[in-house]
Amino acid sequence: MGQGYKGRIGSIIRDARKHRGLTQQQLAERLSTSQSAINRIEKGHQNLSLDMLARIGSALDSEIVALGAGPTHLRVTGPTTLSGSIDVKTSKNAGVALLCATLLNRGRTTLRNVARIEEVNRLLEVLNSIGVHTRWLNDDNDLEIVPPKELQLESIDETAARRTRSIIMFLGPLLHREDTFELPYAGGCNLGTRTVEPHMYALRPFGLEVKATDGQYHAQVNRAIEPTHPIVLTERGDTVTENALMAAALHPGTTVIRNASSNYMVQDLCFYLQKLGVTVEGIGTTTLTVTGRTEIDVDVDYAPSEDPIEAMSLLAAAIVTRSSITICRVPIEFLEIELATLGEMGFQHTRSEEYAARNGHTRLVDITTQPSELHAPLDKIHPMPFPGLNIDNLPFFAVIAAVAEGQTLLHDWVYENRAIYLTELNKLGGQVKLLDPHRVMIEGPTHFSGAEIVCPPALRPAVVILLAMLASKGTSVLRSTYVIHRGYEDLAERLNELGANIEPFRDI
C-alpha cells in the first residue's frame with residue numbers, strides 16, 4: 001500500500017468513527033487494541049490486513065470499510081472448557097417490538113441497553129428512512145427515538161424492510177396514523193397472505209384491511225369500524241398479540257384480547273405501554289384488557305428485560321462443554337420449565353436469590369452451572385406457549401440430548417422445516433435421526449469431532465451447531481454466520497471471554 005492509499009483509508013475510518021459518535025479509545029476497545037494503534041491507522045501510518053479492515057467495518061457498522069469483504073465465518077478450536085461469569089443481554093424480541101411501538105408515541109422514547117443486533121439495525125434503517133430520528137447515546141447501548149410530525153412512508157427503505165421479519169409489527173401502530181399505506185415484506189410471493197392472516201384477524205376489528213401482493217402489504221383503514229366485542233386470537237402468537245396491543249393502545253375505548261401470548265417480549269411491551277399512559281390489565285395471563293388513548297405524546301424512558309433465549313444458549317454452552325460458569329441476570333420465570341426438564345436429565349446448578357430487572361417487573365437470578373452426567377428424559381421434549389417450554393429454546397435440547405446417555409425425542413410441532421437443520425449435528429459426529437418434518441430422535445452420548453459446516457438459515461439451529469463445535473475435538477469451521485448476528489450481539493467474542501477459541505475470518 002502506498003502512503004496516499006493508507007491515508008485515504010485512514011480518513012474513511014476516521015469519518016466513519018466520528019459518524020458513529022465514537023472516540024478513538026472506544027473504537028480501540030471494540031477491536032481489543034490500543035488508542036495509539038487507532039491513531040496510527042487514521043493517520044495512514046499502519047498497514048492493514050483485509051481481516052482487520054473487515055473487523056473495523058463491523059465495529060463501525062460501515063459498509064465503506066467492509067467493501068469487498070465477503071461473509072464472516074467462524075473457526076472454532078475445541079474441545080473447550082469454559083469458566084468465569086457472563087451477563088445475559090437484553091431481549092432481541094422485546095427490543096424489536098419496542099422499536100415498532102415507539103411509532104405510537106409522538107414524544108421521545110429512550111430505550112436502555114438495547115440488543116445491538118442485525119435485526120435491530122435493519123429496523124433502525126427502516127425507521128430512519130420514514131423520518132424517525134434515532135441515535136445511540138453511549139456504549140451502554142442506550143437508544144433515543146424521536147418521531148417526526150408526519151411519517152414519510154413513501155420513502156421507506158425497501159431493502160432493509162425486506163431483510164427484517166418484524167416489519168409486520170408496523171401494522172398495529174400505523175393504522176392510527178395513516179388511512180392507506182404500503183409496507184414491503186420479504187419473499188415477494190403470495191405466501192404473504194398466509195402469514196398476515198392471523199394478524200388481520202386481530203386488526204380487522206380496528207378497521208384495517210390488508211391485501212398482500214407482489215411483496216407489498218397494501219393497507220386500508222376504515223375509521224368507522226371499532227372493536228365491539230373481545231378480540232379472540234386464532235393462534236397465541238407473540239407478534240400477533242403485540243400487533244393487537246399496539247392497535248388497542250391508540251383506541252380510546254377498552255379492548256379485551258383473549259388467547260393472548262403472555263411471553264417475555266409481550267410483557268415488556270405491556271410495561272412500556274403502561275409508561276405511555278395506556279391502561280393494561282392481565283399482564284402475564286392470556287386475557288389482556290387495554291384502555292387506550294386518543295393521542296400519546298410523552299417523553300419516556302424504558303429498559304427491556306434480559307433475553308431468556310440467550311440465557312438458554314449460555315446454559316447449553318456450559319452443559320455441552322461440561323463447564324462451570326455463572327450466568328448472571330437470567331429471567332427465571334421464562335426458563336423454569338427448561339430448568340425443570342434439565343433437572344430431570346441430571347443437570348446440576350445453583351441459583352442466587354431473585355432480584356428485579358431494570359424494568360422493575362421481571363424476576364432475575366444468577367445461575368452457576370456444574371458439570372453433570374446427563375441421561376435422556378423419560379418423555380419427549382416439546383414446546384408450548386408460555387408458561388411452557390419456549391419454542392425458541394427447543395433446538396438447544398438437541399445438542400444437550402446429544403451429550404446425554406440414551407434416546408431423546410424432540411417434537412418441534414410449530415415450524416414446518418426447522419427440525420431438519422438439527423441433523424447437521426451428524427457432520428460433527430452426532431446421531432440425529434429425522435423422523436418427519438417435526439420430530440427428531442437423538443442418540444447419545446456423542447463424541448463430537450471437528451468439521452466444516454455452512455450455517456443453517458435458521459437462527460437457533462445455527463447457534464446449536466456453534467455450541468456443538470465448542471465441544472468438538474479439533475478445528476471446525478462455521479461458514480456464513482450473518483444469521484447468528486441477526487439475533488446475538490458479539491456471541492463469539494463473549495464466549496471467547498469465557499475461554500472458548502473462536503476466530504472470525506473472511507475469505508479474501
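What you see is a predicted model, and the numbers here were worked out from it, not measured in a lab.
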* Distance-only donor-acceptor check, side chains E489 and N141, under 3.5 Å -> yes

* T326 and T368 side chains, donor-acceptor separation under 3.5 Å -> yes

[Y] backbone acceptor or donor facing [X] side chain under 3.5 Å:
{"X": "S261", "Y": "N263", "answer": "yes"}
{"X": "Q407", "Y": "I442", "answer": "no"}
{"X": "D157", "Y": "V126", "answer": "no"}
{"X": "T80", "Y": "G78", "answer": "no"}
{"X": "S449", "Y": "K473", "answer": "no"}
{"X": "R30", "Y": "A59", "answer": "yes"}
{"X": "T446", "Y": "F448", "answer": "no"}
{"X": "N138", "Y": "D140", "answer": "yes"}
{"X": "R55", "Y": "L31", "answer": "yes"}
{"X": "R162", "Y": "Y185", "answer": "yes"}

* Please walk me through it: do D142 and W136 pass side chain to side chain contact (heavy atoms under 4.5 Å, CB included)? -> CA-CA 6 Å; D142 294 342; W136 296 100; over 6 Å; no

Could you tell me if the side chain of [Y] sits less than 4.5 Å from the side chain of [X], heavy atoms only?
{"X": "D238", "Y": "N93", "value": "no"}
{"X": "T369", "Y": "I319", "value": "no"}
{"X": "R75", "Y": "I502", "value": "no"}
{"X": "L99", "Y": "L143", "value": "yes"}
{"X": "Y302", "Y": "L98", "value": "yes"}
{"X": "F505", "Y": "V477", "value": "yes"}
{"X": "L422", "Y": "L434", "value": "no"}
{"X": "I391", "Y": "Y415", "value": "yes"}

If you take all heavy atoms of [X] and [Y], which pair is closest and at what distance?
{"X": "L342", "Y": "M312", "value": "CD1-CE, 4.3 Å"}
{"X": "T321", "Y": "S323", "value": "OG1-OG, 2.7 Å"}
{"X": "V114", "Y": "V120", "value": "CG1-CG1, 4.2 Å"}
{"X": "P461", "Y": "R418", "value": "CG-CG, 3.8 Å"}
{"X": "P173", "Y": "C100", "value": "CG-O, 3.6 Å"}
{"X": "P331", "Y": "T362", "value": "CB-CG2, 4.0 Å"}

To the nearest 0.5 Å, what is the distance between [atom1] on [X] and [atom2] on [Y]?
{"X": "F347", "Y": "I400", "atom1": "CZ", "atom2": "CD1", "answer": "8.0 Å"}
{"X": "E336", "Y": "L339", "atom1": "CD", "atom2": "CG", "answer": "8.0 Å"}
{"X": "F397", "Y": "E338", "atom1": "CZ", "atom2": "CD", "answer": "5.5 Å"}
{"X": "S352", "Y": "I367", "atom1": "OG", "atom2": "CD1", "answer": "8.0 Å"}
{"X": "I327", "Y": "D87", "atom1": "CD1", "atom2": "CG", "answer": "11.0 Å"}
{"X": "L491", "Y": "H485", "atom1": "CG", "atom2": "NE2", "answer": "9.0 Å"}

* Verify side-chain hydrogen bond (donor to acceptor under 3.5 Å, both in side chains) between D268 and N359, making sure each step is shown before the conclusion. => CA-CA 8 Å; D268 258 320; N359 66 12; 3.1 Å; yes

* Heavy-atom count around I420 CD1 within 6.0 Å, excluding the residue itself: above 12? -> no

* Using the six-membered ring wherever Trp is involved, compare the ring planes of H411 and H382 and label them parallel, tilted or perpendicular (cut-offs 30° and 60°). => tilted

* **Stepwise side-chain hydrogen bond (donor to acceptor under 3.5 Å, both in side chains) test for T164 and E119** => CA-CA 6 Å; T164 167; E119 190 82 352; 3.1 Å; yes

[X]/[Y] ion pair, N-O < 4.0 Å:
{"X": "D301", "Y": "R112", "result": "yes"}
{"X": "E373", "Y": "R322", "result": "yes"}
{"X": "R116", "Y": "D139", "result": "no"}
{"X": "E497", "Y": "R494", "result": "no"}

* To do: Using the ring pair (Phe, Tyr, Trp, His ring centres under 6.0 Å) rule, take F334 and F386 through it: C-alpha gap first, then chi angles, then the decisive distance, then the call.
  => CA-CA 8 Å; F334 302 104; F386 179 77; 4.8 Å; yes

* Test log, rule side chain to side chain contact (heavy atoms under 4.5 Å, CB included), inputs E503 and V76 -> CA-CA 6 Å; E503 182 194 351; V76 186; over 6 Å; no

* Run the salt bridge (charged side-chain N to carboxylate O under 4.0 Å, His left out) check on K89 and E310 step by step: do they pass? -> CA-CA 7 Å; K89 289 197 179 271; E310 180 173 293; over 6 Å; no

* Asked: Can you list the steps and then say if S313 with Y488 is a side-chain hydrogen bond (donor to acceptor under 3.5 Å, both in side chains)?
  -> CA-CA 10 Å; S313 315; Y488 290 80; 2.7 Å; yes

* **Within the 6.0 Å centroid threshold, strictly below: Y201 and H199** => no

* Asked: Given the rule in the side-chain hydrogen bond (donor to acceptor under 3.5 Å, both in side chains) test, do Y272 and T109 qualify, once you have shown the distances and angles that lead to the verdict?
  -> CA-CA 10 Å; Y272 171 72; T109 296; 2.8 Å; yes

* In this structure, which one of L364, T90, I86, D307 forms a side chain to side chain contact (heavy atoms under 4.5 Å, CB included) with R329? -> L364

* Asked: Is the NZ or CZ atom of R163 both under 6.0 Å from the centre of the six-membered ring of Y482 and within 45° of that ring's axis?
  -> yes

* Given T286 and R258, is the side chain to side chain contact (heavy atoms under 4.5 Å, CB included) satisfied, shown in steps? -> CA-CA 6 Å; T286 56; R258 298 201 198 281; over 6 Å; no

* side chain to side chain contact (heavy atoms under 4.5 Å, CB included) between E306 and V330: does it pass, once the steps are laid out? -> CA-CA 7 Å; E306 281 66 17; V330 174; over 6 Å; no

